[in-house]
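Right, one structure below, let's go through it.
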Amino acid sequence: MAKKAASKALADVKKKFYITTAIDYPSGKPHLGHAYEKVCADCIARWHRLLGEEVFFLTGTDEHGSKVSRCAKASGKAPQKYVDEMVVYFRELCAKLNISYDRFIRTTDSDHVKISQEIFKKIYEKGEIYLGEYSGWYCDECETFFTEKDLVDGNCPTHGKKAKWVSEESYFFKMSNYSKRVLDALEKNEKIVLPEGKRKEIINRVKEGLNDLSVSRANVPWGIPVPMNANHTQYVWMDALLNYISGVGYPGKDFEKFWPANIHLIGKDILWHHTAIWYSILMAAEIEIPKTVFVHGFINTESGEKMSKSGGTVIDPVALSEKYPADALRYFLLREIPFGQDGNFSEDSMRIRLNNELANGLGNLLNRTVTMIEKYNAGEVPNAKTNIELRKKLDIDGIKKHMENLELHHALGKIFSFVHACNQFTNEKEPWKLDGKERDEVLYSLADSLRMASILLQPFIPETSEKISSQLGLKLGLLADCSFNKLKAGTKVKKAEVLFRKLE
RNA sequence: AGCGGGGUAGGGCAGCCAGGAGUGCCCGUCGGGCUCAUAACCCGAAGGUCGGAGGUUCAAAUCCUCUCCCCGCUACCA
């Protein structure tokens, strides 16, 4: 009884952490950018679990709107059937890359539909949504409105057909009412949008003021019906953004527990929607705004150009994860690309990192360590303490700091410079020439260090961490176990397959 | 045009906000060491007028001004 009460009390003080990715639009199969965002979010989520926090990690798909309905039509399918088929690819991607989400939300999920309508209604009843008229340049073929600037000589940019000036009935959200509050929020809190530069960028845009936003469509049947008028569907963003609250059980207990979100992880193309629009909606609905919107960069081709379908430079992450270990791809994405900046991708550079850092650096360190323990100490971790000089090479506080600041690439860099230090240490000490206490110290130091590394590497390369600790005869630990000399003497190590096989 | 980001050895980056000898990292190249290990690991060397010009300063990659290139964003496709 007392124990139960105590663990309950403990659970109550547990820190909460809620992270989301943007939900993906299934108008095509996932590309590397989708994979990247998920891997980054997953890494952060796993880090917070490692810290012992209670984590909710949400990802999913944004399934409504004119584009999906056009794609469905093009493939001769009903929209629902089309998205049901497409979503499989996104789930598969998550499975392949070990994305540890707590919920995969689809905007066609019934609870989401219900909440979207409730929020729409709530804002409407407050008088912040009104019926008006939307006019713009419209292309019949695309079934899309364009802004004046989008048009090429008055023609649709994709079809080259003459665009028509069309007016239609639409509900509008009085976003203009929120210009000041949104701007205040952005200016007041330095961490509200990261990296810093993105915050400046959005502040400058919001300073120009917000216009009322058309939040319904009379000509897009594939969407959530506007609650007070079945002739309209909700504008996709008025639907999609709400996934962040519906996905975590708004307005129930879990929502109370986890909201406001700690991090919305998004790409730089949708910053406007996640600040100006999203904040305004939340303010209108009297819900707190998220703590941080983190904007990651884009992945470009080897030469730094944008990936494009027409150029044939789009990379299929599922194909990659079949060719390379998932951890190799995760490692590359997290290590190569400074988090928050754009980065380049090529299989060559990925292979180089896989071979040099994962196989030769980390994998070989484990292999030589386990081999020596088997060879010189009958497979048992000797009784010793980890070398003091070596211990200094692992900057745990620095790693924590980097993770806190979301400098994932730096955190990973520090872990790997420790791996290097371990290899260095081995060469300097030459344990194969030693015996007795001196050798014991080296062997213990290496095994203990690898145990530490396996803990710290979990968020980045979880399968590999598992393999390392298994070869060391251990279960994976939490960050609380991440201090030196916690490895028990006598632990039986067990050599297994090499961690990473090199690729040509 | 406005706003943001970037221009640092052959390639890729960090360092810049809180100035202090070009300091560091990865790849590549060359030389050496070791033999526990995945032809692995370790050490060393070559290589840069820090885009350009001017300014502040005892001192500038770092701060200020100007200038030249590259890239992104500028809302209702998502």
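So that the names make sense, note that chain A is the first sequence line, chain B the second, and so on, each numbered from 1.
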Which nucleotide sits closest to the side chain of Tyr235(A): rC76(B), rU38(B), rA75(B)?
rC76(B)
Given the side-chain rings of His34(A) and Phe90(A), with only the six-membered ring counted for Trp, is the space between their centroids under 6.0 Å?
yes
Can you check the Met372(A) CE to rU38(B) C1' distance for me, whole Å?
14 Å
Complementary nucleotide for rC34(B) - Watson-Crick or wobble, under 3.5 Å:
none
Between atom CG in Asp342(A) and atom C1' in rG7(B), what is the gap in whole Å?
15 Å
Measuring only the C1' atom in each nucleotide, how far is rG20(B) from rU38(B)? A whole number of Å is fine.
45 Å
By the 4.0 Å heavy-atom rule, please label Lys502(A) as base, sugar-phosphate, or nothing.
base
Provide, to the nearest angstrom, the distance between the NZ atom belonging to Lys67(A) and the P atom belonging to rC76(B).
13 Å
Testing rA14(B), rU38(B), rC3(B) for proximity to the side chain of Asn204(A), the answer is rC3(B)
Between rC3(B) and rA9(B) - C1' atom distance, rounded Å:
34 Å
If the P atom of rG48(B) is compared with that of rC36(B), how far apart are they to the nearest Å?
40 Å
Please classify the nucleic acid contact of Gly363(A) as base, sugar-phosphate, or nothing, using heavy-atom distances under 4.0 Å.
base
By the definition salt bridge (charged side-chain N to carboxylate O under 4.0 Å, His left out), identify the one residue from Asp84(A), Asp239(A), Asp24(A) that meets it with Arg106(A).
Asp84(A)
Span that lies between the P atom of rA18(B) and that of rG10(B), in whole angstrom:
32 Å
Would you call the rings of Phe120(A) and Tyr171(A) parallel, tilted or perpendicular, where under 30° means parallel and over 60° means perpendicular?
perpendicular
Does a side-chain N or O of Lys198(A) approach OP1 or OP2 of rG72(B) to a distance below 4.0 Å, or not?
no
Check the phosphate of rA37(B) against Lys375(A), side-chain N and O only, distance under 4.0 Å to OP1 or OP2. Yes or no?
yes
Measure centre to centre between the rings of Phe173(A) and Tyr178(A), then say whether the value is under 6.0 Å.
yes
Using the P atom on both, measure rG11(B) against rU29(B) and round to a whole Å.
15 Å
NZ/NE/NH1/NH2 to OD/OE distance under 4.0 Å, Asp395(A) and Lys401(A):
no
Please state whether the phosphate of rC43(B), meaning OP1 or OP2, lies under 4.0 angstrom from any side-chain nitrogen or oxygen of Gln424(A).
yes
Do the side-chain N or O atoms of Asn360(A) get closer than 4.0 angstrom to the phosphate oxygens (OP1, OP2) of rU38(B)?
no
Tell which nucleotide pairs with rA9(B), taking only Watson-Crick or G-U wobble pairs whose two distances are both under 3.5 angstrom.
none
Could you please name the partner base of rC17(B), counting Watson-Crick and G-U wobble pairs only when both distances are under 3.5 Å?
none
Glu168(A) CD to rC76(B) C1', in whole Å, measures 12 Å
On RNA chain B, check which nucleotide each of Val236(A) and Leu362(A) is closest to and give me the residue with the more 5' one.
Leu362(A)
Need the pair for rU65(B). Rule: Watson-Crick or G-U wobble, both distances under 3.5 Å, any strand; none if unpaired.
rA53(B)
Considering only atom C1', compute the distance from rU8(B) to rA61(B) and round it to an integer number of Å.
7 Å
Output yes when at least one side-chain N/O atom of Gln341(A) is less than 4.0 Å from OP1 or OP2 of rG72(B), else no.
no
Figure out the CE/C1' separation between Met350(A) and rG11(B), and round it to whole Å.
20 Å
For a quick check of understanding: with a heavy-atom distance under 4.0 Å over all strands, which category does Phe298(A) fall into, base, sugar-phosphate or nothing?
nothing
How would you label the contact of Met238(A) with the nucleic acid (heavy atoms, under 4.0 Å): base, sugar-phosphate, or nothing?
nothing
Choosing from rG12(B), rC73(B), rC42(B), which nucleotide comes nearest the side chain of Arg205(A)?
rC73(B)
Glu380(A) backbone acceptor or donor facing Asn377(A) side chain under 3.5 Å
yes
Checking base pairs now: Watson-Crick or wobble, both atom distances under 3.5 Å. What partners rG72(B)?
rC3(B)
Taking atom P in both rC68(B) and rA75(B), what distance in whole Å separates the two?
26 Å
If you assign each of Gly361(A) and Val215(A) to its closest nucleotide in RNA chain B, which residue comes earlier from the 5' end?
Gly361(A)
Separation of the P atoms in rC25(B) and rG44(B), to the nearest angstrom:
9 Å
Taking the inter-plane angle between the rings of Phe416(A) and Tyr331(A) on a 0 to 90° scale, is it parallel (under 30°), tilted (30 to 60°) or perpendicular (over 60°)?
tilted
Winner on side-chain proximity to Arg368(A), out of rA37(B), rA39(B), rA78(B), is rA37(B)
Provide, to the nearest angstrom, the distance between the CG atom belonging to Asn344(A) and the P atom belonging to rG72(B).
13 Å
Under 3.5 Å: donor-acceptor pair, side chain of Asp440(A), backbone of Asn383(A):
no
Just to be sure I understand the rule, does Thr371(A) reach a base, reach only the sugar-phosphate, or reach nothing, if contact means heavy atoms closer than 4.0 Å?
sugar-phosphate
Would you say that more than 12 heavy atoms from the other residues, nucleotides or ligands in this model lie under 6.0 Å from the CD of Glu187(A), or not?
yes
To the nearest Å, give me how far apart CH2 (Trp222(A)) and P (rA78(B)) are.
14 Å
Is it the case that Glu347(A) and Tyr324(A) place a side-chain donor and acceptor less than 3.5 Å from each other?
yes
Check whether the side chain of Asn364(A) and the base of rA37(B) form a donor-acceptor pair under 3.5 Å.
yes
What is the per-nucleotide protein-contact pattern of nucleotides 25-34 of chain B, from the 5' end, where B denotes a base atom under 4.0 Å from a protein heavy atom, S denotes such proximity for sugar-phosphate atoms only, and - denotes neither?
-SS-----BS
Rounding to a whole Å, what distance do you find between Asp348(A):CG and rG12(B):C1'?
13 Å
